[in-house]
Amino acid sequence: MPELPEVETIRRDLQPLVTGRKIVSAWVSEDAPRLVQLLPTAEFERLLPGHVIEDVSRRGKYLVFNLSEGMLWVVHLRMTGRVKHQWTGCAGTDPYNRASFGLDDETWLCFNDLRKFGMMWLVDDWSLVKDDIGPEPLEDGFERDPFLASLKRRSAPVKSILLDQRVVAGIGNIYADEALFAAGIDPRKAANKVSRPKGTLLHKAIIDVLTEALGGRGSSFRDYVDGKGNEGSHHLKVRVFRRTGEPCYVCDTPIKRTKVGGRSTHYCPRCQR
DNA sequence: CGTTACCTGAAA
DNA sequence: TTTCAGGTAACG
């Protein structure tokens, strides 16, 4: 569900609320046996309490709680995961609450996940979670030339390359479609056939589209809510995503939908070549 | 490289 | 009844 703008919005919400707080309890539902990675669930529940949350950070679509003793508590929301800060416990209030964490100021962090694809880790080293993630698109490390080079060396559809977290971190199905529209590129076009000028436009479009979506606190098409349980607003501003049959804002041609790499894909057949 | 599996519920 | 869903790992 959540892509970079959504996860970053959650991070910004949570950071002032939980920084400096000690975790005093941890519970994971028996109904979510795949939630905790690398460690047995019981071990995770035993090890987490006692740590202080020193900061909340993010890497791509991963939300990271930087804990005392150098530990990292990492959460990936996948399709329907939510992390909310609450002043009441989460047990029993919603059937999809899969984990809950008590803090030392009597507040709670609740992890909710309808489809149970979400995952979490407790590690002392980021590389145990993911060791080949690409640059952050909204930071200096996202440079044009290495990006153009990764397009050059691959023959898959350019959209599939945008979804590859090794090329650039944090883009998902919404913002891949939006960035390709902004750059005027057909999502089905082979990455290595995208011209250098168009590739350059795409590099800029990625930054622009993600920045704009972050300004709208993310897109709530279905399940996404922020760290306080509120919806974002950027879904009201998308140019092509889920606008099948509606007129392109630039040329009035109806937006088309197709499948690329198994993912639903939206584009303007006139503006995008 | 493209496709399937992982889950559950809503929409077509 | 079938298809579809902000993701990604594991297949062949």
Side-chain angles (χ1 to χ4, degrees), chain A residues 1-11 29-38 58-63 74-83 94-98 111-121 128-134 137 150-151 153-180 187-193 206 209-210 212-214 216-226 231-245 257-266:
Chain A
M1 147 183 81
E3 308 180 25
L4 186 151
E6 290 76 29
V7 180
E8 176 63 15
T9 299
I10 294 171
R11 186 197 73 75
S29 168
E30 293 179 14
D31 215 284
R34 299 164 174 268
L35 174 56
V36 176
Q37 301 290 303
L38 304 180
R58 179 190 56 74
R59 186 73 176 88
K61 301 174 195 172
Y62 295 83
L63 183 64
V74 181
V75 181
H76 197 300
L77 303 169
R78 290 287 191 101
M79 293 291 267
T80 57
R82 299 171 165 179
V83 176
D94 180 325
Y96 309 119
N97 282 329
R98 310 297 185 191
F111 177 79
N112 184 284
D113 188 14
L114 188 152
R115 291 175 74 182
K116 299 196 275 194
F117 290 165
M119 295 177 167
M120 53 182 74
W121 297 255
L128 294 170
V129 176
K130 183 134 183 94
D131 65 358
D132 55 356
I133 192 166
S150 16
L151 294 181
R153 77 176 88 90
R154 300 187 51 183
S155 58
V158 58
K159 176 172 177 182
S160 300
I161 308 311
L162 294 188
L163 294 175
D164 184 340
Q165 304 297 298
R166 296 170 302 185
V167 173
V168 50
I171 300 174
N173 210 32
I174 301 174
Y175 304 115
D177 283 4
E178 293 298 308
L180 287 162
R188 299 162 297 187
K189 194 175 186 78
N192 57 12
K193 292 194 171 167
I206 288 167
V209 157
L210 293 174
E212 191 189 5
L214 192 47
R217 300 183 55 80
S219 303
S220 291
F221 281 99
R222 196 181 178 74
D223 300 293
Y224 165 70
V225 293
D226 66 23
E231 295 189 348
S233 69
H234 189 71
H235 53 285
L236 301 171
K237 294 206 207 167
V238 297
R239 319 274 145 93
V240 288
F241 189 77
R242 292 207 194 172
R243 293 196 62 246
T244 312
R257 179 160 84 93
T258 184
K259 283 256 198 250
V260 175
R263 309 298 304 280
S264 193
T265 297
H266 314 76

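Just so it is clear, the values below take in all heavy atoms, side chains as well, and ignore hydrogens, waters and symmetry mates. Residue numbers start from 1 in every chain, and the chains themselves are labelled A, B, ... in the order their sequence lines are given, proteins ahead of strands.
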Looking for any heavy atom pair under 4.0 Å, which part of the strands does Arg257(A) touch: base, sugar-phosphate only, or nothing?
sugar-phosphate

I would like to know whether His234(A) and Phe241(A) meet side-chain contact (heavy atoms from CB on, under 4.5 Å); could you show each step before the answer?
CA-CA 11 Å; His234(A) 189 71; Phe241(A) 189 77; over 6 Å; no

Looking only at side-chain N and O atoms, does Lys130(A) come under 4.0 Å of OP1 or OP2 in dA9(C)?
yes

So does Arg239(A) have more than 12 non-hydrogen atoms from other groups sitting under 6.0 Å from CZ?
no

Name the nucleic acid region contacted by Pro157(A), choosing base, sugar-phosphate or nothing; use a 4.0 angstrom heavy-atom cut-off, strictly under.
sugar-phosphate

Does any nucleotide pair with dC6(B) by Watson-Crick or G-U wobble geometry, both distances under 3.5 Å, and what is it?
dG7(C)

Which of the following nucleotides, dG7(C), dA10(B), dT8(B), is nearest to the side chain of Tyr96(A)?
dT8(B)

Mind checking Gly172(A) for me? I need base, sugar-phosphate or nothing, with any heavy atom below 4.0 Å counting as a touch.
sugar-phosphate

May I ask you to say what Ser160(A) touches in the nucleic acid, namely base, sugar-phosphate or nothing, with a heavy-atom cut-off under 4.0 Å?
nothing

Nearest-nucleotide pick for Arg263(A), side chain only, options being dT8(C), dG7(C), dG9(B)
dG7(C)

Any idea which of dA5(C), dG2(B), dT8(C) is nearest the Arg78(A) side chain?
dT8(C)

Determine whether Arg257(A) and Ser264(A) satisfy the following criterion, side-chain hydrogen bond (donor to acceptor under 3.5 Å, both in side chains), listing intermediate values before the conclusion.
CA-CA 7 Å; Arg257(A) 179 160 84 93; Ser264(A) 193; 2.9 Å; yes

How close or far is atom C1' of dG7(C) from atom NZ of Lys116(A), stated in whole angstroms?
17 Å

Less than 4.0 angstrom between a side-chain N/O of His76(A) and OP1 or OP2 of dT8(C), yes or no?
yes

Please tell me if Lys61(A) has a side-chain N or O lying less than 4.0 Å from either OP1 or OP2 of dT8(C).
yes

Per atom distances to the Arg222(A) side chain, the nearest of dC1(B), dC4(C), dA10(B) is dA10(B)

Specify the separation, in whole Å, of atom CZ of Arg115(A) and atom C1' of dG9(B).
9 Å

For Arg115(A) and Asp113(A), run salt bridge (charged side-chain N to carboxylate O under 4.0 Å, His left out): C-alpha distance rounded to whole Å, both residues' side-chain angles, the deciding distance at 0.1 Å, then the answer.
CA-CA 6 Å; Arg115(A) 291 175 74 182; Asp113(A) 188 14; over 6 Å; no

Given dC6(B), is OP1 or OP2 found less than 4.0 Å from the side-chain N or O atoms of Arg34(A)?
no

Among the nucleotides dA9(C), dA5(C), dG7(C), whichever has the atom closest to the side chain of Tyr62(A) is dA9(C)

Sugar-phosphate, base or nothing in reach of Phe241(A), heavy atoms under 4.0 Å
sugar-phosphate

